[in-house]
Amino acid sequence: MSEMAKENLEQFGANYDPLADAVARSGEQYVELPGWGDGKPWRAKLRRVSLMNLAIKGAIPNPLMAAVQSLYTTGTTGADLKTSAETMRLMADAVLVEPTLTQLDEAGVVLTDMQLTALYLYGQRGPEALAPFRSAAAVSNRVPHGKAVRDETK
């Protein structure tokens, strides 16, 4: 049976539970994120967020409302660098479950630009949005006789 047929049975079969499916698919999960430039990824527990829900809950400070609205409608803030950075931190704070952004700040951990971008993308589009951040372990060089050789381990 093909994967698509299995997926259709799961979603449309007699035992399909839409609430259980929604809970399972929207829950928190550990996600691999870019590291700190040392070649090692970092894993954190994240949750998807909705800009609309953040706005409804009053979780978006007034000075950032225009930037967040622009993010929602165009995918970019169109704002100055400081406002863009504050908007990305707002998203990181909403997305991070374990550790929280407050815990990282208290420990003196500064998230990189790549990490903040990955957290924003995850919050809006889920794990599939992080594919560009993952490095594929693959054969990198060929020697003259055609035999595959991996990069040296450091």
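- Pairs of residues two or more places apart, or lying in two chains, that qualify as salt bridge (Lys or Arg N to Asp or Glu O under 4.0 Å) and include a residue from residues 84-94 are Lys82-Glu86, Arg89-Asp105.
- A donor-acceptor pair is defined here as one N or O able to donate and one able to accept, closer than 3.5 Å; such a pair exists between the side chain of Gln115 and the backbone of Pro34.
- Annotation: side chain of Leu119 is not in contact with side chain of Met91 (no heavy-atom distance under 4.5 Å).
- Val97 belongs to no hydrophobic cluster with other residues, because no ILVMFWY side-chain heavy atom falls under 4.5 Å from its own, directly or through intermediates.
- Chaining together hydrophobic side chains whose heavy atoms lie under 4.5 Å apart leaves Val110 on its own.
- Residue pairs meeting the salt bridge (Lys or Arg N to Asp or Glu O under 4.0 Å) criterion with at least one partner in residues 107-117, sequence neighbours excluded, are absent.
- With no hydrogens or angles considered, a side-chain donor-acceptor pair links Gln29 and Tyr122 at under 3.5 Å.
- Between the CG atom in Leu121 and the OG1 atom in Thr117 there is a gap of 6.5 Å [rounded to 0.5 Å].
- For the pair Glu28 and Leu46, the minimum side-chain heavy-atom distance is 4.5 Å or more.
- When every heavy atom of Gly123 is checked against every heavy atom of Val95, the shortest pair comes out as CA-CG2, 3.7 Å.
- Leu19 is listed as a side-chain neighbour of Val23, based on a closest heavy-atom distance under 4.5 Å.
- Scored by the salt bridge (Lys or Arg N to Asp or Glu O under 4.0 Å) test, Arg43 finds no partners at all (sequence neighbours excluded).
- Residues passing the side-chain contact (heavy atoms from CB on, under 4.5 Å) test with Pro99, sequence neighbours excluded: Trp42, Ala44, Gln103, Leu104.
- Rounded to the nearest 0.5 Å, atoms CH2 (Trp36) and OG1 (Thr112) are 7.5 Å apart.
- Applying the side-chain hydrogen bond (donor to acceptor under 3.5 Å, both in side chains) rule to Glu98 yields the partners Tyr30; only residues at least two apart in sequence or on another chain are considered.
- Here the straight-line distance linking atom CG of Leu96 with atom NZ of Lys45 works out to 12.5 Å at 0.5 Å rounding.
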